[in-house]
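Everything below concerns the one structure shown next.
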Amino acid sequence: MRRPFPAGPAAAAAIAAVTVVTAFFSVPIVVRTVLGLLTVFVLPGFAVERTLHARPDPDPDADPDAQPFVWVGFSLAISVVTAVALAASPIGISRESFAVALGGFTALLALYAGLRSMLHDVPHEVVPDG
Amino acid sequence: MTQAQTLAYERVAVTAANFRWKVAVIRATVAGLVCVALADAGSVRGYSNAGILFWLGLLLVFVPTAIAVLRPGAERRERLQLILLLGLALYLVKLLGSPTAFSFSDEFIHLRNTQDILRTHHLFDANPLLPTAAYYPGLAAVTAGVVDLTGLSPFAAGVVVVGLARLLFSGCFFLVAERVTGSDRAAAVAGLVYAANPMFLPWSSTFSYENLALPLAMFVVYWIGRTRHQGRRAADVLTVVAIGAIAVTHHVVGFALTAVLAGWWLAEHLRVVPLGSRVGRRAARRKVGVMALVAGAAVGVWFFVVAKPAPAYLLTNNIVPAVRQTISLLIGQAPRRQLYTSGGHIAPTWETVAGAAAVGIPLLLLAPALHRAWRQPRRAALVVSAAIAVAFPLSLAPRFAPDGVAISGRSAEYVFAGMGCVFGLLAVTRIPTAATKRIAIAVALLTVLFVGDITIGTAFYERLPEKSHPTGYPWSLQRDVIDASKWTRANLGIHRRFGANAIDAFALATYGEQNPVAEDDVWPIFFSRTIDASVVRRIRATGVDYLLLDWRMPDGVPPTPGYYFGTQEPGAGRYQHAFPRAALEKFDGSPCVASVYAQGAVEIIDVTRISDGSCTPDVALLSTRPARRGARR
């Protein structure tokens, strides 16, 4: 028995993908702002954390109150490294390149996290005899 | 009623009480922020009593939070949320002072970095305000990315980046302090102590590279503490990514993180750590050591190989003069800096008393706090915190040296992290949850620390915005200088070499995207009373095209940090008389100089003909010509 594709990673992958696509088109500024803020400050860390979480043995130190800090912390770190790497490369940092690099990475990671989570078998319930 | 039902009812009652407390603190915080906003508006209009509203607002933000997190019955999540609220509220206090544009000197440096990355799409464009800053592009690059991706202005993007970093720091520091002390109540006290450090209110809220790197470093410490004994390689890879982000964002934070990780590793060698099996302990300890090596290597390579101006900036220009002057002071060979006075302003007496109390209280409590930490069994991280806290008395000495004040002030951001943990531990061991009187004393001490450290961290006349039409020489950027800077970009193009005073140079470099020449190179052009041979030589040597003359300079002596241009100008830090008007008037009537802009107190003159050698002023003729500008303003 397999789990369904989890909603969190699916939503993260979808939002990141939409951010990548809309970077190449004219969209209302509100849409661009919301998508951009999520893609820089929340989704990369969320995808990373989901990937780490998607394994059979649960994190013994998982703390629900600390999860938002993990998302924001890794999102900021990944965004900084991505932005510096792009700006240092011949590609340069622009709306398109940053969206493709950060949004693409996030979407792929979120899909991987979802697939990994889905492919792990749900532990069978042990029904006591008699 | 069964025992289970009784417990459930008690649980509901506690939750309801906690909710009421939280709502009360939120209301007080909002009221405090309204007071601060009114104080800001009053200050701009020149109301002299605006400061009272400001302090009332700060007390409304701090005191209820302190009571709520210390009170009996508060839950862990509530304490964490309230510490986050405090961090956010104090960030908003800074933002309310300048809600539409950056206003602190370092903010202009990083705004210029951001503008350069947005314009060129690449790194390392020379930053005329601080060359080293261009080689630490983490903050500017991610802000430029946010601007690109969201369509926000650089100011709005910077506010979001630093605001989220502030929340990250507040949260991660709570979580780290909780692991160090083993108590969420102690962690909450640590958060309060840290929020009271002299830099937290204005400085740590500014758009500056340290204010992104420090939260990331606190996050790395939290993350290593949480994952080091799990044996997950992906978690280690992510730690390395975060360390990389710090290495490209700020030098001192990178070195501080390396030192903390190395100290942690060493402390675990010396003390037994209660973490699973012996093999597991060794692996966990090794991971901290490996991350210390990674951090040291990444930070060192970036500092010495990539960021070429950084070693000279940090060591030669800042640390060495500060240490040298502090030593001279201690052996009685240098005069002591006068505290609480600058630019002709003298702080109210109560601020001096509060500042002394804010230094005296932690000094008195440090020994018992360290003793308590030392007696705490088997916690290596607590040893590291204690070692950091011990630096507090040492960090005070440079404050009395003119060149040491910056280092002393900035060190508070690190030292208070250790102090917070050991004081938090002391608080929970000395104050039982039900001891109302002791809680009241603790809140009073924390409030004195908070108020006193604010008086230490920021000159009293710079806490609120400057009034719209200041008398004397202003300490903040003026509207007409911003307009002039925008005019230069529209009419002269960008990247022209300008000579200007230190404050106006920020506007020229950002609103005008010009390249102001280093202030210590340019001051001799301004200070000379005639266009003599040395002025001509200096104009040619620096290659300036234009000079921005600010006719407010003769109106008063410069406030903090006590100079018009730079630290090397005559009279820097000890002005008794304002800048001589004749020194600005010397440019009138020179056939080699053309005035290209004059609006309000700002004039821009073109000196390219002197600079390129096509015109040499007749020194003898100019010195006999009468000044035309006596009634200019």
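Residue numbering restarts at 1 for every chain, and letters A, B, ... go by the order of the sequence lines. Computed from a prediction, not measured in an experiment: that's the story for all the values here.
Smallest separation of non-hydrogen atoms from B:Leu149 and A:Ala99: CD1-CB, 3.5 Å. The nearest pair of heavy atoms linking A:Gly73 to B:Phe219 is C-CE2, 3.7 Å. Here the closest non-hydrogen pair linking B:Val142 and A:Ser79 is CG2-CB, 3.7 Å. Taking both residues in full, the closest heavy atoms of B:Ala242 and A:Ala77 are given as CA-CB, 3.7 Å, listed atom of the first, atom of the second, then distance.
Among A:Thr39, A:Val40, A:Val70, the residue with the largest count of heavy-atom pairs under 4.5 Å with chain B is A:Val70. For the options B:Ala157, B:Ala141, B:Ala247, heavy-atom pairs under 4.5 Å to chain A are most numerous at B:Ala141.
Here the CD1-CG distance, from A:Ile29 to B:Leu152, works out to 7.0 Å after rounding to the nearest 0.5 Å. Residue A:Asp63 holds its CG atom at 6.5 Å from CG of B:Leu175, rounded to the nearest 0.5 Å. To the nearest 0.5 Å, atom CZ of residue B:Arg233 and atom CG of residue A:Leu52 are 14.0 Å apart. To the nearest 0.5 Å, the span separating CG on B:Leu238 from CZ on A:Phe74 amounts to 4.5 Å.
The neighbour count for B:Phe124 CZ, taken as heavy atoms of other residues, nucleotides or ligands under 6.0 Å away, is above 12. The 12-atom threshold is not exceeded at CZ of B:Arg77, counting heavy atoms of other residues, nucleotides or ligands nearer than 6.0 Å. Residue B:Phe19 places its CZ atom among 12 or fewer non-hydrogen atoms of other residues, nucleotides or ligands, all under 6.0 Å distant.
Chain A is approached within less than 4.5 Å, heavy atom to heavy atom, by B:Leu80, B:Leu84 from residues 78-87 of chain B, ordered by number. Scanning residues 165-173 of chain B against chain A with a 4.5 Å non-hydrogen threshold yields B:Ala165, B:Leu167, B:Leu168, B:Gly171, B:Cys172, sorted by number. Below 4.5 Å, heavy atoms of chain B meet heavy atoms from A:Ala83, A:Val84, A:Ala87, A:Ala88, A:Ser89, A:Pro90, A:Ile91, A:Gly92, A:Ile93, A:Ser94, A:Arg95, all part of residues 83-95 of chain A.
Neither the backbone nor the side chain of A:Val34 comes within contact range of chain B; no heavy atom of the residue lies under 4.5 Å from a heavy atom of that chain. Only the side chain of B:Thr249 comes within contact range of chain A, judged by heavy atoms closer than 4.5 Å. For a residue to count as touching a neighbouring chain, one of its non-hydrogen atoms must lie under 4.5 Å from one of that chain's; by this rule B:Val161 touches chain A with backbone and side chain alike.
The side chain to side chain contact (heavy atoms under 4.5 Å, CB included) check on A:Ala107 picks up A:Ala16, with sequence neighbours excluded.
Side-chain contact check for A:Phe41 versus B:Val146: some heavy-atom pair is nearer than 4.5 Å.
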Decide salt bridge (Lys or Arg N to Asp or Glu O under 4.0 Å) for B:Asp148 and A:Arg32; before the verdict, give the C-alpha distance in whole Å, the side-chain angles of both, and the deciding distance to 0.1 Å.
CA-CA 10 Å; B:Asp148 281 332; A:Arg32 195 180 292 293; over 6 Å; no
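Checking side-chain atoms of A:Thr33 against main-chain N and O of B:Thr150 turns up a donor-acceptor pair under 3.5 Å.
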